Amino acid sequence: MAKYHCGKCGIALNKNNWAPSRKKEKKFICKRCDNQRRKDGRVKLKSEIIAAYGGECVCCTCDIPEFLAIDHIDGTGAKHRRTLSKNKGNVPSNVFYSWLKKEGFPKDNFQLLCFNCNFAKHICGICPHQFKK
Ligand SMILES: [Zn+2]
Ligand SMILES: [Zn+2]
Ligand SMILES: [Zn+2]
C-alpha cells in the first residue's frame with residue numbers, strides 16, 4: 001500500500017509521479033498537480049503584467065492576453081533578457097515578468113504589444129498600423 005498521497009488530487013505517490021523538486025522538500029504533490037500549479041502561477045503573473053501595462057496592445061488595442069507580450073521599446077529585448085540569465089542564455093518569459101514585477105513595472109522602456117505588432121515592428125522597424133494613422 002502506498003504511504004504517500006498527493007495533497008491536491010489524492011493520487012498515491014511513487015517515484016514516477018512524485019514531482020522530483022518537491023520530493024526533496026517532502027511536499028506531497030504529484031507531477032501533474034505541480035505542473036498545473038506552476039502553470040497557474042505563470043498565468044497569474046502574466047495577467048498582473050498585462051493589467052499593469054494597460055491591458056491592451058499600445059498599437060492596435062488588441063486585448064487578448066494570449067497575443068500580448070512586453071516589448072522593449074528600444075529593441076534591446078534579447079540583450080536585456082540575457083542579462084537576467086545566469087548562464088547568459090535566453091530566459092523564459094516568466095523570469096522576465098518576475099523581474100518587471102520586482103522593479104515595480106517600469107514603463108520607460110517597456111510597452112505591451114500583440115504578436116502581430118511586435119513581429120511587424122521587428123521586421124519593418126515600425127508596425128503598418130502606424131502608417132494608417
Ligand atoms: Zn496530484
Ligand atoms: Zn497590436
Ligand atoms: Zn500594430
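Residue numbers run from 1 in the order of the sequence given. These figures come from a predicted structure and were not determined experimentally. Order of listing sets the numbers, starting from 1, for every ligand and every atom in it.
- Ring-plane geometry between W18 and F28 is classed as tilted, the angle between the planes lying from 30 to 60 degrees on a 0 to 90 degree scale.
- For the pair I73 and D108, the tightest heavy-atom approach, listed with the atom from each and the gap, is CD1-O, 3.9 Å.
- Ring-plane geometry between F96 and H72 is classed as parallel, the angle between the planes falling under 30 degrees on a 0 to 90 degree scale with a further cut at 60.
- Between the Zn ion (ligand 2) and C57 there is an N/O/S contact shorter than 2.8 Å.
- Taking the Zn ion (ligand 1) as the corner point, the angle from C30 atom SG to C6 atom SG is about 110° (rounded to 10 degrees).
- Vertex the Zn ion (ligand 2), arms ending at SG of C114 and SG of C60: the angle is 110° after rounding to 10 degrees.
- Residue contact annotation: C59 places no N/O/S atom under 2.8 Å from the Zn ion (ligand 2).
- Using a 4.5 Å heavy-atom threshold, the side chains of Y53 and K107 count as touching.
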### Task
Tell me, with the steps shown, if D40 and R37 meet salt bridge (Lys or Arg N to Asp or Glu O under 4.0 Å).
CA-CA 5 Å; D40 290 348; R37 202 187 52 88; over 6 Å; no

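- Not one N or O on the side chain of N118 forms a donor-acceptor pair closer than 3.5 Å with the backbone of D71.
- For the pair SG of C33 and SG of C9, the angle at the Zn ion (ligand 1) is about 110°; rounding is to 10 degrees.
- Backbone or side-chain N, O or S atoms of C117 reach the Zn ion (ligand 2) at under 2.8 Å.
- Among the heteroatoms counted here (N, O or S) of H129, ND1 is the one nearest to the Zn ion (ligand 3).
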